[in-house]
Each structure stands twice: as structure tokens, then as C-alpha cells.
Participant: 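Next up is a structure, given as C-alpha cells.
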Amino acid sequence: MSYDNILKAALAGLTLAVANVPAMAPAETLTVLTGNTIAPLNVPMNRAVVVESDVPFAELSIANPGIADISSLSDRTIYVLGKEPGRTTLTILGSDGALISNVEIRVTPDIAEFKERLEQILPGEPIEVRTANDGIVLSGTVSSITRLDRALELAQRYAPDRVSNLMSVGGTQQVMLRVRFAEMQRSVSKSLSASIAAQGVTMGGDLGISAGTGTLNTAGAVANSFAGNIPQANQNQGAVLFGFNAGGVEVGILLEALESRGVVRTLAEPNLTALSGQEASFLAGGEYPVPIAQDGGTISVEYKPFGVSLNFVPTVLDNDVINIQLDASVSSIDPANGFTSNGFTVDAFRTRQTSSTIELRDGESFAIAGLLSDDFTDLNGQVPWLGDIPVLGALFRSAQYASNQTELVIIVTAHLVSPTRGEALALPTDRVRPPSQSDLFLFGRTEAPTTGGAGEVARQDFSGSYGYVLD
């Protein structure tokens, strides 16, 4: 191939390459006209605009170089770069030192890029973005508080500490929490004790023998047994007295036995409603005064709450998922474990409490706490050696057996709720009406029947929804 052909091929390739290069977008410009009022120049942060003057200039000045930076491209063209959000002034002077114009420069956050990122991270959310002074204003209605927080966090990246939130959260944002405390206590105890006593005259001498365990082996118990009476020292629920004479000897045998069973059922169901993100508290019980010693020997009183207590903070997340921070407790006064000091008697408290954070959907439940305890004790006391005698040794022994079982479960159920009209709600007081004098004295009615809608409610039970309607 000749040199001319090589040169022609190179030129042809260069022509095709230049034809495929995309055209450069024209720079954003603002023409400065002498003697006219110049509109403010908006410059996005970290971006630049070009200002053109219709007359040549000799000197440029920027009031605050920290907000915007300038440089001259020619005697008629100015390059302005936004650095920090804010306002400043660009002064343009001619060759004779005369003022050509003052241009107000407003450097704003780059909301174009922010809008792109917002659409990528939160697609479909109708969030409006505006600039105000040197900050960002967000408005519109978002689907959940989680997405609202994400939008605010992203806006802080572009305008730190200069974000105004005018957004609202759509949908149901009120949460009703139902907490059920269920506790069962079972106790079984058994005891058996015995004593034997003998008195009289035998083989020409006086005889007096008594043996037993516990309170049965006392002078009063022995005297009562020979008299045919149950000893006053008896502490058990069942007692059997058996006696006989053998010549001049009186023999008395006393058996005491106890078997007790008990079941205690405790149930509390506090219901509480709160707005998403807001704390709500509930206490059904009272306050117990506790004396507190102060300096100088004075005594002050501090009140300690007891009863059913509930504190929770609900947060509605995406897809109706509810995040709940919960503190719940059930406490009661326990005089058995109190103490007395300086003339003051202070009772103790028996408390079951839990603190947890859970996530669940509308209508779902969680068993957030459970307790199962099983206490077992037994005791066998006897008279030495005599209690080891086969069969008859039972008269000289005392046996006790006790078992206590406790089971506690705390179940939490959350509902998304919305308010309703007051006519659709019922109160427990709607079910009864105070009786008249004739109803009370003639018919012995402690409550009078109601008529109408209240009467219909009165014929129902006390279960139902109060205050809010479930979705």
C-alpha cells in the first residue's frame, strides 16, 4: 500500500471518530446587561455556571469565597463554582473602575442528585423536594414512619442540620396493645405427728411416761389427752385421741394429721392505645408509703407504686409490622417478708416483671415471658431409737411434706386501630342502673333492669372492644 493510501485511510477513520463523539451540552449562562437589575444566580453546590458580560470587565470580586469560587475565562466570561450552601455577591468592575453590576449568587444543595437517589431508595413515594434559603424542605405523604426516617437521613447527607420535615405518614398509625398476665399457683402439704403417754400405779410405784414430737410432747397436751380432750396446742386440721386402761395404768395415744391443697389463679388484661412512636403508660393499683430517713433524724415518705403496670412505645414499620418496646409488671404487697424498725413496719413487694422489644403484625401474639417453678420440701422428725421401732415407731415420728408449683405466662397482642363514633362504644356502667326504693326494698333488687339500647347491652357479658375499633 502506498503512502497516499495510508494517509487517506487515516483521515477517513479520524472523520468517523469525530462524527461519533456526542455534542457537548452548552454551559448554563447568565448575561449581564449594564444598568439593568440582575436576577439572583442559583448555583448548585459542587457545580458550576458561566456568567457572560455584554461589556469587557477588568476586575472581579466575590464577597464570601467560602460559599462560591470565581475565575475569569476571558474578559467577558466568568466561571462560578458553588462550594457551600449560602448567599454571597459577585461584583463586576470595568477597566475604568466603574461598577458594571452586582450579581447575587445563591448556592443551594444539589437537589437534582438528591431527587435521583430518593427515587432509587424509596420508589413510589410521593415526596416533594424544595430548597429554602440554604436548606432542603421535604413534603408529601409517605406510607410508613420507617420510610420517613430514611428520607430524612438521606436529606441530611446533602444538607446537614438544614432539613425541614413537612412530611406526614399515611395509613393507620395507632396501636392498641393487649397484655395478658396469667399465673397459676398450686400448693400441697401433708403432715403426720403422734404422741403417747402413760400414767398410773404399777408394781407398787407411780408410773408417768410421755413421748412425742413437736407441740404434742408438753405437760398441757398430756393432761388434756388423759382427760379426753384434744390438746389446745393442736396446730393441725385433724386430730384423733385414743386411750385405754390397763389395770391401774392409763394410756393415751394422740394422732394429728394435716392435708391441705390450694390453687390460686391470677389474671390481668391491661389494654392501652398509643400513637406510633409515642410512649404510653398504664397503672391499675395504688401507691404504698415507705418511710425514708433524712438528715437530722427526720422521716419523709416516698410512695412506691404497685399493681398492674404497663409502659410501651409502638412503632409502625413497613408492611404493617409493629415494633414494640415493652415494660410490664404485676406487683402486690407481701406483709410476710416485711420488716419493722424504729416503730415503722414496712411491707415487702412481690413482683413479676419483664422488659422486651418485639416485632409482630396486626393481630399476632407473642408469649414474651414465662416462669415455671417447682419447690419441694419434706421433713422427718422422730424420738431417737424409739422412732426406729417397726410399726410402733410411727407413734414417735413426725413427717411433713410440702410442694409448691407456680406457672406464669405473659402474652402480648398488638392491633392497628382507628377511632370510631362515640355512639358505637359502650361503658360497663351502661349495663346497670341504680334501683329505685321500691326495687330495693320491695323486690330486693340491687340493680334495676335497663331498657332500649342500654338494656340490650346489659343482657350481654362484659367482654368486648372498648374505645377503638379493630381494622
Side-chain angles (χ1 to χ4, degrees), residues 114-129 136 138-157 163-182 268-283 308-330 352-371 408-420 424-425 463-471:
F114 172 60
K115 288 181 179 179
E116 295 177 1
R117 298 294 179 266
L118 196 62
E119 182 63 27
Q120 294 172 357
I121 297 176
L122 301 175
E125 294 292 342
I127 301 177
E128 299 180 2
V129 182
I136 295 178
L138 301 179
S139 61
T141 302
V142 294
S143 58
S144 68
I145 193 169
T146 303
R147 299 202 165 196
L148 183 145
D149 293 337
R150 290 177 183 173
L152 291 177
E153 183 180 357
L154 182 61
Q156 290 289 341
R157 300 279 185 175
V163 179
S164 298
N165 177 24
L166 301 181
M167 295 183 293
S168 60
V169 181
T172 303
Q173 297 296 315
Q174 296 182 109
V175 179
M176 183 182 74
L177 191 67
R178 179 187 180 192
V179 181
R180 287 176 288 173
F181 298 84
E269 290 192 33
N271 294 345
L272 193 59
T273 303
L275 191 65
S276 176
Q278 302 296 320
E279 182 179 6
S281 60
F282 174 91
L283 175 63
V308 180
S309 175
L310 175 64
N311 294 277
F312 82 104
V313 179
T315 303
V316 181
L317 307 178
D318 288 341
N319 301 322
D320 292 338
V321 176
I322 307 172
N323 177 281
I324 298 177
Q325 300 178 12
L326 174 69
D327 293 319
S329 67
V330 177
R352 285 82 70 204
Q353 63 182 7
T354 181
S355 178
S356 180
T357 300
I358 59 175
E359 288 187 358
L360 66 171
R361 297 183 183 275
D362 180 22
E364 294 181 340
S365 300
F366 257 127
I368 64 170
L371 171 66
L408 170 67
V409 176
I410 301 178
I411 300 176
V412 173
T413 306
H415 295 282
L416 293 175
V417 295
S418 58
T420 186
L425 305 178
S463 62
S465 302
Y466 298 93
Y468 286 86
V469 175
L470 305 182
D471 286 345

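Residues: numbered from 1 along the sequence shown.
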Participant: Quick one: are Leu138 and Val129 in side-chain contact, heavy atoms under 4.5 Å?
Facilitator: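 Leu138 reaches Val129 side chain to side chain.
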
Participant: When rounded to the nearest 0.5 angstrom, what is the spacing between CZ in Arg150 and CD1 in Ile121?
Facilitator: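 Here the interatomic distance stands at 9.0 Å.
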
Participant: What's the shortest heavy-atom distance between Met167 and Asn165, and which atoms?
Facilitator: N-OD1, 2.9 Å

Participant: Quick check against the 3.5 Å criterion: does Asp327 have a side-chain atom that pairs as donor or acceptor with the backbone of Asn311?
Facilitator: no

Participant: Look up atom CD1 in Ile136 and atom CZ in Arg157, then write down how far apart they are to the nearest 0.5 Å.
Facilitator: 13.0 Å

Participant: Got Thr354 and Phe181 here, is their nearest side-chain heavy-atom distance under 4.5 Å?
Facilitator: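 The answer is no; the side chains never approach within 4.5 Å.
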
Participant: List the atom of Ser365, the atom of Arg180, and the distance in Å for their closest heavy-atom pair.
Facilitator: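 The answer is OG-NH2, 4.5 Å.
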
Participant: Looking at side-chain heavy atoms only, is the closest gap between Val308 and Val179 below 4.5 Å?
Facilitator: no

Participant: Does the side chain of Glu128 reach to within under 4.5 Å of the side chain of Leu166, using non-hydrogen atoms?
Facilitator: no

Participant: How close do Ala274 and Phe312 get, counting heavy atoms only, and between which atoms?
Facilitator: CB-CZ, 3.9 Å

Participant: Mind checking whether Thr315 and Val175 have side chains closer than 4.5 Å, heavy atoms only?
Facilitator: no

Participant: Are there over 12 heavy-atom neighbours, none belonging to Glu269, within less than 6.0 Å of that residue's CD?
Facilitator: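 Yes, CD of Glu269 has more than 12 neighbouring heavy atoms, counting only those of other groups under 6.0 Å.
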
Participant: With side chains defined as the heavy atoms from C-beta onward, is the minimum distance between Asn323 and Val321 less than 4.5 Å?
Facilitator: no

